[in-house]
Each structure stands twice: as structure tokens, then as C-alpha cells.
Q: 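Please see the structure below; I have some questions.
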Amino acid sequence: MGGVTSAASSPASGSFPLSASVPASASGPSVPSVLGLAPVVPVVVLADAADAVPLARALVAGGLSAIEVTLRTPAALDAIRAIADEVPDAVVGAGTLLNPEQVAAARAAGARFLVSPGWSPRLLGALRDSGLPFLPGVSTASEVVTLLDEGITELKFFPAEAAGGTAYLKSLAAPLPQARFCPTGGITLASAPKYLALPNVGCVGGTWMLPADALAAKDWARIERLAHEAAALRD
Ligand SMILES: O=C(O)C(=O)C[C@H](O)[C@H](O)COP(=O)(O)O
């Protein structure tokens, strides 16, 4: 596993104007890889932070211990904090990060990895400086080339199904084999194995194990069963 290499390699000087606006990460030990955490990462949208701990316990019990909590709701930071404090077997991360302020807030809440649906130079600088493993979202070959040039080899492919799915990822693998992805967006229990079989895919993200009606009913047993089914995809 290559790990998140952004801290290790700096762009060739003058190679791309982005270099000027992306602060170099503080040097330090390399951080673990998001793609190495788990084959399936549940993407959680929580309306009520009180649901965070029982939900995380159900996911962990089902075998999904890397959990991305999206910053799409006001409850998200409290949810991350609660999982970090009370579910030691979970590895909680923050998703839907759009700006440096959210990166700082997610890190302070206890997020251990960071995910964004896309990237900007400012956001990328904050992700790098966080010292945490991160996955910036991309959906085109040019973005992959741009971020590879910045020394970043682990990426989220979003929105996976809408942007071209497995065929697109296969096409990227030929010229850009060093880029590895966590495809997310529209992936299901049925389609996940096709993604996980690709050499440039390290994990997939999705919400299929978190149906809205199960969340609304606080049906943690059902979510645990669905998590178990998803976790079995690694076998
Ligand atoms: O919130 C983010 O940061 C995102 O990038 C969006 C999520 O990855 C998708 O919402 C996944 O949801 P499904 O398509 O239901 O699997």
C-alpha cells in the first residue's frame, strides 16, 4: 500500500502554477492510507448526533469499521466527536469537506481521515497540512494528472457511476497506473465487486447499507446485517 504520499513528494518546482498556491505539508512521518483502511466505507448522513454511537456500533459489529460522516448536516461534527470518544473500534472520518475551515473543525472533532467530493487549491492545501490521510475527489483524467503532479496518488472517484463507472477507471489505469481510487456515488452491493476487482481501486464508498427508512426507525440490527453483507465483499 503506497499510503498517502502527498507529504512525501513535493511538486517539481515550477511544474504547475498550483504549486504556488498549495502550501507544502509539514514534514513528518507518513500517514496511513485511507484506501488501506477497509474495502467498503459507509458514507453516513446524520440528522441527529444522538444516532451516531449506536449507528457506528452497528457498522463496526457488521464488520465496517472505517466510517465516513459527511459534513452535510449540523449534527455531523458532534457525531464525529461522539464516535471518536465512544466507539474505539471505529475509525471515523469526515466527508463532504469543502473548505479549510471544515477541515480544521473535522480534525478538532476527532476525524482520523478526510474525504472531499472535489478539490480546490485552498482545500487541497488544508488537507495536506492536516497531517491526516485524505482523499480528494476527482472525476476526470486531467484532475488525476494534476494531483499526481502534486504527489497525491490516492483519490476519491466521484460521482463514480455517473462519471463513467468501472469502464472509466479501467481506461485511467492504462496511462495512470500510479493513481488509486475509492469510487463513491451510486455504488450498490451488486456493483461494488466489479469496482473492487479493478487494480486501481482500493475501496469503495457508499450508502447502500444505510437505508433512510432503517435510519429513521433506528433499526440498528438491520444496518448491522447490511454492513455484514457489505463487509463480506472483501472475501
Ligand atoms: O458527500 C460527499 O462528500 C460525497 O461525495 C457524496 C457521497 O459520496 C455520495 O453521496 C455517496 O452516496 P451514494 O451515491 O448513495 O452511494
Side-chain angles (χ1 to χ4, degrees), residues 4 34-35 37-47 49 52 55-56 59 62 64 66-77 79-80 83 91-107 109 111-120 122-124 126-127 130 132-140 143-144 147 152 154-166 168-169 180-196 198 201-216 222-223 226-227 229-231 233:
V4 175
V34 181
L35 297 190
L37 279 175
V40 177
V41 177
V43 178
V44 177
V45 183
L46 271 179
L55 174 64
L59 291 170
L64 300 180
I67 301 169
E68 176 186 331
V69 177
T70 60
L71 264 62
R72 294 198 220 169
T73 61
L77 290 171
I80 290 170
I83 296 170
V91 180
V92 64
T96 327
L97 295 167
L98 306 180
N99 57 55
E101 294 72 27
Q102 289 179 324
V103 169
R107 192 174 188 284
R112 292 167 63 187
F113 64 93
L114 306 172
V115 184
S116 67
W119 63 278
S120 69
R122 229 167 69 83
L123 174 61
L124 198 60
L127 292 171
S130 72
L132 296 174
F134 61 89
L135 294 176
V138 299
S139 62
T140 65
E143 290 174 281
V144 177
L147 296 192
I152 297 167
E154 296 203 343
L155 304 160
K156 167 166 166 161
F157 179 55
F158 177 79
E161 283 287 291
T166 53
Y168 197 93
L169 285 166
R180 299 185 69 249
F181 299 92
C182 179
T184 309
I187 298 179
T188 64
L189 181 71
S191 63
K194 287 180 262 177
Y195 284 93
L196 289 167
L198 298 177
V201 168
C203 63
V204 299
T207 62
W208 77 83
M209 71 300 287
L210 301 163
D213 59 335
L215 272 172
R222 180 171 164 216
I223 288 174
L226 291 168
E229 212 174 29
L233 292 175

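On a predicted model such as this, the values are computed, not experimentally measured, just so you know. Counting starts at 1 for both ligands and their atoms, following the listed order.
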Q: Residues in side-chain contact (heavy atoms from CB on, under 4.5 Å) with Ala160, at least two apart?
A: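 Testing Ala160 for side-chain contact (heavy atoms from CB on, under 4.5 Å), a comparison that skips the adjacent residues, returns Phe157, Pro183, Ile187, Tyr195.
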Q: What distance do Glu229 atom CD and Leu189 atom CG have between them, rounded to the nearest 0.5 Å?
A: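 Reported to 0.5 Å precision, the distance equals 5.0 Å.
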Q: Listed by chain and number, what are the salt bridge (charged side-chain N to carboxylate O under 4.0 Å, His left out) partners of Arg107, not counting sequence neighbours?
A: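 So Arg107 forms no salt bridge (charged side-chain N to carboxylate O under 4.0 Å, His left out) with any residue.
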Q: A side-chain contact here means heavy atoms from C-beta on lying under 4.5 Å apart; do Leu127 and Ser116 qualify?
A: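 Yes, side chains in contact.
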Q: Working to the nearest 0.5 Å, report the span between CG of Leu71 and CG of Leu98.
A: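 Answer rounded to 0.5 Å: 8.5 Å.
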Q: Heavy atoms under 4.0 Å from ligand 1: which residues qualify?
A: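 Heavy-atom contacts below 4.0 Å: Thr70, Arg72, Thr96, Pro117, Lys156, Phe158, Thr184, Gly185, Gly186, Gly206, Thr207.
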Q: Apply side-chain contact (heavy atoms from CB on, under 4.5 Å) to Val144 and list each qualifying residue two or more places apart in sequence or on a separate chain.
A: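 So Val144 forms a side-chain contact (heavy atoms from CB on, under 4.5 Å) with Val138, Leu148, Leu155, Leu172, Leu176, Ala179, Phe181.
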